[in-house]
Protein chains: 2
Amino acid sequence: MRLLIVEDEKRLARSLAGGLRAEGYAVDVVHDGLEGLHRAGEGTYDLVILDIMLPGMNGYRVCGALRAAGNDVPVLMLTAKDGEYDEAEGLDTGADDYLTKPFSYVVLMARVKALLRRRGRSALPVLRVGELSIDQGAHRVERDGAEVTLTAKEFAVLEQLALRAGEVVSKAEILEHVWDFAYEGDNNIVEVYVSALRRKLGAAAIQTVRGAGYRLASDA
Amino acid sequence: MRLLIVEDEKRLARSLAGGLRAEGYAVDVVHDGLEGLHRAGEGTYDLVILDIMLPGMNGYRVCGALRAAGNDVPVLMLTAKDGEYDEAEGLDTGADDYLTKPFSYVVLMARVKALLRRRGRSALPVLRVGELSIDQGAHRVERDGAEVTLTAKEFAVLEQLALRAGEVVSKAEILEHVWDFAYEGDNNIVEVYVSALRRKLGAAAIQTVRGAGYRLASDA
DNA sequence: GCCGACCTGAAGCCAACCTGAAGCCACCTG
DNA sequence: CAGGTGGCTTCAGGTTGGCTTCAGGTCGGC
């Protein structure tokens, strides 16, 4: 589960990111509205936490632009209660929820979870690749109808491969999407997870393309 | 994969078209807004690169008109940063992304690919040369429908030849593109790979032009 | 016929990759 | 609070297969 925080107050951004990571989410942070729009537009995030006062492009416009482009990623807006902006306006631009600073950590967490849950109920597509069926909303994987239990990271890696089934996905790309983009570790970690997935899903499920990356068998 | 460039600065248009063609896209160029609207409206393009300052009809209106007609082809807008237009306005009219001149080639390429990928399917076109089909995204090659497995280097060499099918490509050019730019070894290595490719693809697939280089048979 | 350009099979080397094991940490449970 | 559990990450040894070099042969032009 991958979140994007668009917030220019660096201290706040850092503390939010820290807390959310502790809950097990992968979190990326950007400090500029335009940058935020591009990242959010990639379609790789499950939720965007969006400040309103931002350099580059303000939060209302970022959100409006996302919706105009047909992107329906859940957006949780943040703002200082200084009267200049109000809640109704935020919701009008297509935000899913709205939080006024200062807010407590617990409240934020509750809202984030509520949004993600709501999203889970709404139909996220179930990916079908070969004999696998990957339910993105429920985080469930079945192989030939039999459920396979995966850990969070295993699921995230498989999801990335499935989203681009048949294509080669490089280790760097998997790292970028599944781990925080600030992750500094060895990218041997990807190999470890691919190995685990093969053990659970069958060795033929994921093909190695030496020097290029991995490919989820789109036939098989 | 077919792109339309609507741009009245002929030099820029030509250079963009050249670069995109080199990546394997089919590219058409028009220099007038109205003409662009008609072509884009045909529904045969996978992406439109749209300048804002245009004779005939400006980019905002072209994009707005497309959307009003229910056409949701991805639109990447270009503009000079002269303050008269701003990014948010472009996105409001339904553009999917926006680039401020001057921009680097790499950035443009990244945005184009991001947009195409978001629109589903692979961003990279499948090259077809004679009886060969070369899927750049999947790193996969078929000859008359039968899959041929190539190594990373073999694939890269073939890709270079295919991107300029019918043309003679010198050994030096292949070396430069496929190997590290600082490669110091013998350029006999290219011969070795061509040899391997011929073994796998048939001797007639790659022609030698003595003293000049190699050519991928565009008929065959 | 000579010479340079090109072809291609063989073989060593090394990077990429795989995977089992173990440490660490957060969380749960009694 | 102690002990257990499970997931994440690191590490290291082993294996594989691709990359490159080399050398001997073939081909084509002059």
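Worth knowing before you read on, the calculation uses all heavy atoms, side chains too, and leaves out hydrogens, waters and symmetry mates. Chain identifiers are assigned alphabetically (A, B, ...) following the order of the sequence lines, protein sequences preceding nucleic acid strands; residue numbering begins at 1 within each chain.
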Check the phosphate of [N] against [X], side-chain N and O only, distance under 4.0 Å to OP1 or OP2. Yes or no?
{"X": "A/Tyr193", "N": "C/dC17", "result": "no"}
{"X": "B/Ser195", "N": "C/dT8", "result": "yes"}
{"X": "B/Lys171", "N": "C/dA5", "result": "no"}
{"X": "B/Trp179", "N": "D/dC19", "result": "no"}
{"X": "B/Arg210", "N": "C/dG4", "result": "no"}

To the nearest Å, how far apart are [X] [atom1] and [N] [atom2]?
{"X": "B/Leu175", "N": "C/dC6", "atom1": "CG", "atom2": "P", "answer": "13 Å"}
{"X": "A/Tyr214", "N": "C/dA16", "atom1": "OH", "atom2": "C1'", "answer": "9 Å"}
{"X": "A/Ile189", "N": "C/dG20", "atom1": "CD1", "atom2": "P", "answer": "16 Å"}
{"X": "A/Glu154", "N": "D/dT9", "atom1": "CD", "atom2": "P", "answer": "12 Å"}
{"X": "A/Gln207", "N": "D/dG17", "atom1": "CD", "atom2": "P", "answer": "15 Å"}
{"X": "A/Lys200", "N": "D/dG6", "atom1": "NZ", "atom2": "P", "answer": "12 Å"}
{"X": "B/His139", "N": "D/dG18", "atom1": "NE2", "atom2": "C1'", "answer": "15 Å"}
{"X": "A/Leu197", "N": "C/dC17", "atom1": "CG", "atom2": "P", "answer": "16 Å"}

Any side-chain heavy atom of [X] sitting closer than 4.5 Å to one from [Y]?
{"X": "B/Ile49", "Y": "B/Val112", "answer": "yes"}
{"X": "A/Val190", "Y": "A/Leu175", "answer": "yes"}
{"X": "B/Glu191", "Y": "B/Lys171", "answer": "yes"}

Which residues pass the side-chain hydrogen bond (donor to acceptor under 3.5 Å, both in side chains) test with B/Arg164, sequence neighbours left out?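 Only B/Glu167, B/Glu173 meet the side-chain hydrogen bond (donor to acceptor under 3.5 Å, both in side chains) criterion with B/Arg164.
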Nearest listed nucleotide, side chain of [X], among [options]:
{"X": "A/Arg199", "options": "D/dC8, D/dA23, C/dG20", "value": "C/dG20"}
{"X": "B/Asn188", "options": "C/dT19, D/dT21, C/dC6", "value": "D/dT21"}
{"X": "A/Thr208", "options": "C/dC17, D/dT20, C/dC7", "value": "C/dC17"}
{"X": "A/Glu191", "options": "D/dT9, C/dC7, C/dT19", "value": "C/dT19"}

Would you mind checking if [Y] and [X] are paired as a salt bridge, meaning a charged N to carboxylate O distance below 4.0 Å?
{"X": "A/Arg39", "Y": "A/Asp28", "answer": "yes"}
{"X": "B/Lys10", "Y": "B/Asp51", "answer": "no"}
{"X": "B/Arg2", "Y": "B/Asp46", "answer": "no"}

For the helix from C/dG1-D/dC30 to C/dG30-D/dC1, figure out the bend between the end axes, five pairs an end, and round to 10 degrees.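 Roughly 20° between the end axes, to the nearest 10°.
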Please determine whether the number of non-hydrogen atoms from other residues, nucleotides or ligands lying under 6.0 Å from atom CZ of A/Arg198 exceeds 12.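 Counting other residues, nucleotides and ligands, CZ of A/Arg198 exceeds 12 neighbours.
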Could you check whether A/Val192 gets within reach of a base, just the sugar-phosphate, or nothing at all, counting any heavy atom under 4.0 Å?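 The answer is base, as A/Val192 lies within the cut-off (heavy atoms under 4.0 Å) of a base atom.
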What nucleic acid atoms does B/Phe155 come within less than 4.0 Å of, heavy atoms only: base, sugar-phosphate, or nothing?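 If one applies the 4.0 Å heavy-atom cut-off, B/Phe155 turns out to touch nothing in the nucleic acid.
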